[in-house]
Number of protein chains: 2
Amino acid sequence: MAQADRAPDATLRRFSGYGMKRAFNMVQSDLNAALKPFGLRMITFSALVVIRDAPGLRQARLAEVLQMEKPNLVALLDELERAGLITRTRLAEDRRAHALDVTGAGITLCARALAAVDAHESRMTEGLTPEERAALIRALRVIETNGGET
Amino acid sequence: MAQADRAPDATLRRFSGYGMKRAFNMVQSDLNAALKPFGLRMITFSALVVIRDAPGLRQARLAEVLQMEKPNLVALLDELERAGLITRTRLAEDRRAHALDVTGAGITLCARALAAVDAHESRMTEGLTPEERAALIRALRVIETNGGET
DNA sequence: TATTGTTATACTCTATAACTATA
DNA sequence: TATAGTTATAGAGTATAACAATA
């Protein structure tokens with residue numbers, strides 16, 4: 001009878017990682033749906049925002065910031081470049097490197113996508129107070145930092 | 001000068017989903033490392049725990065609980081069965097269905113793996129008070145629920 | 001007809017090795 | 001010799017269609 005009342009995943013619910021995976025699955029599908037009208041995915045959106053906020057940065061640095069391997073960045077940037085949202089410019093001071101910059105069209109799209117992602121964030125955190133949302137983001141950062149120390 | 005002080009991903013840091021992805025990446029790699037000595041991965045561990053806590057449940061139900069597609073469960077259960085941790089038994093009342101159960105060896109391994117995952121959880125949430133950890137889990141559940149309503 | 005478990009398959013994400021051109 | 005970007009490739013994880021056995 002205690003057994004019947006217990007959710008089958010009650011043991012797993014005690015772990016923050018389980019809740020994170022399930023919550024993130026929801027976030028991911030809602031976010032990708034929100035970005036689809038702009039021709040963006042979660043990862044291309046992230047790259048676009050970072051390049052906009054750090055004009056001229058190199059690919060190796062972008063890979064570092066977004067915690068991805070350089071090879072996986074290539075197709076992604078090809079995609080953004082083909083869409084006319086960013087440019088790759090060979091640097092005069094080091095002709096191996098490319099400077100990344102957002103085009104005018106990219107800046108416009110980035111701003112509109114950001115508004116859509118703000119709406120997505122509001123949807124997903126509905127029911128949380130601003131303080132609870134801030135505490136969530138802080139707690140996630142603590143976990144990220146703890147993991148990075150390994 | 002304001003620009004120089006700003007992290008390249010400061011705009012993204014305002015979104016809980018970004019923090020969730022980064023935190024979860026850390027959780028996932030630490031957890032998989034913690035489970036490796038037991039021959040388990042995150043997903044096989046989760047399945048093992050759920051089967052232990054809900055003996056006799058069917059594959060379709062397990063897929064539902066773990067939010068995965070039935071075809072993806074097959075290889076996973078083959079793996080647990082080959083390792084001697086679970087059994088699949090044809091049901092007399094519905095010979096299409098399989099009842100899933102954990103073996104004695106499975107129960108022992110499950111208990112030991114759970115202790116390792118508890119230690120992992122402590123590592124990852126170090127620096128958070130018990131109240132902050134509870135609030136994190138609650139906030140993640142709110143987000144999961146908000147997503148499910150879409 | 002519908003459902004359980006299964007097979008086959010494809011698509012995304014991620015990780016590594018090795019190449020090229022520059023330094 | 002080392003580094004930036006690239007190519008090729010392989011492994012997870014995940015999603016869908018369709019099948020055999022059973023209801």
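By convention in this document, chain letters (A, B, ...) are assigned in the order of the sequence lines, proteins followed by strands, and residues within each chain are numbered from 1.
Annotation: of the two residues near DNA chain C, A:Q28 and B:Q59, the 5′-most nearest-nucleotide partner is B:Q59.
Between the side chains of A:D53 and B:T11, a donor-acceptor pair is found at a separation under 3.5 Å. Between the side chains of B:E81 and B:T87, no donor N or O sits under 3.5 Å from an acceptor N or O.
One finds the CD1 atom of A:I143 at 6.5 Å from the CE atom of B:M124 (value rounded to the nearest 0.5 Å). In this structure, the separation between CG on B:L80 and CG on B:L40 is 7.0 Å, given to the nearest 0.5 Å.
Checked against side-chain hydrogen bond (donor to acceptor under 3.5 Å, both in side chains), A:S46 has no partners two or more places apart in sequence or in another chain.
Atom-to-atom, CE of B:M26 to C1' of C:dT14 comes out at 15 Å; the value is rounded to the nearest Å.
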(message) For B:T44 and B:E79: C-alpha separation, side-chain torsions, deciding distance, then whether side-chain hydrogen bond (donor to acceptor under 3.5 Å, both in side chains) applies.
(response) CA-CA 8 Å; B:T44 52; B:E79 194 180 325; 4.8 Å; no

(message) Let's go through B:E144 and B:R138 carefully: what are the C-alpha distance in whole Å and the side-chain angles of both, what is the deciding distance for salt bridge (charged side-chain N to carboxylate O under 4.0 Å, His left out) to 0.1 Å, and is it a yes or a no?
(response) CA-CA 10 Å; B:E144 180 188 335; B:R138 261 184 282 116; over 6 Å; no

(request) Kindly determine whether A:D101 and A:R52 satisfy salt bridge (charged side-chain N to carboxylate O under 4.0 Å, His left out), including the steps that lead there. (result) CA-CA 7 Å; A:D101 288 283; A:R52 188 201 61 168; over 6 Å; no

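Residues from residues 68-78 of chain A lying near DNA chain C, meaning a heavy-atom separation below 4.0 Å, are A:E69, A:P71, A:N72 in numerical order. For the segment residues 93-103 of chain A, the set of residues with a heavy atom within less than 4.0 Å of an atom of DNA chain D comprises A:R96, A:A97, A:H98, in numerical order. Residues from residues 31-49 of chain B placing a heavy atom under 4.0 Å of any atom in DNA chain D, listed by number, are B:R41.
Residues A:A54 and B:P8 share a closest heavy-atom pair of CB-CB, 4.5 Å. Shown here for B:A34 and B:A116, the closest heavy-atom pair between the two residues is O-CB, 4.2 Å.
Counting heavy-atom neighbours within 6.0 Å of B:R141 CZ, excluding the residue itself, gives a total of 12 or less. Counting heavy-atom neighbours within 6.0 Å of A:R14 CZ, excluding the residue itself, gives a total of 12 or less.
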In a table with atom names and distances, give each donor-acceptor pair under 3.5 Å that connects a side chain of residues 67-76 of chain B to protein atoms at least two apart or in another chain.
none

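Heavy-atom contacts of chain A under 4.0 Å fall on DNA chain D between two terminal nucleotides, which in 5' to 3' order are D:dA2 to D:dT14.
Put simply, B:K21 has no side-chain N or O that comes within less than 4.0 Å of OP1 or OP2 on C:dC13.
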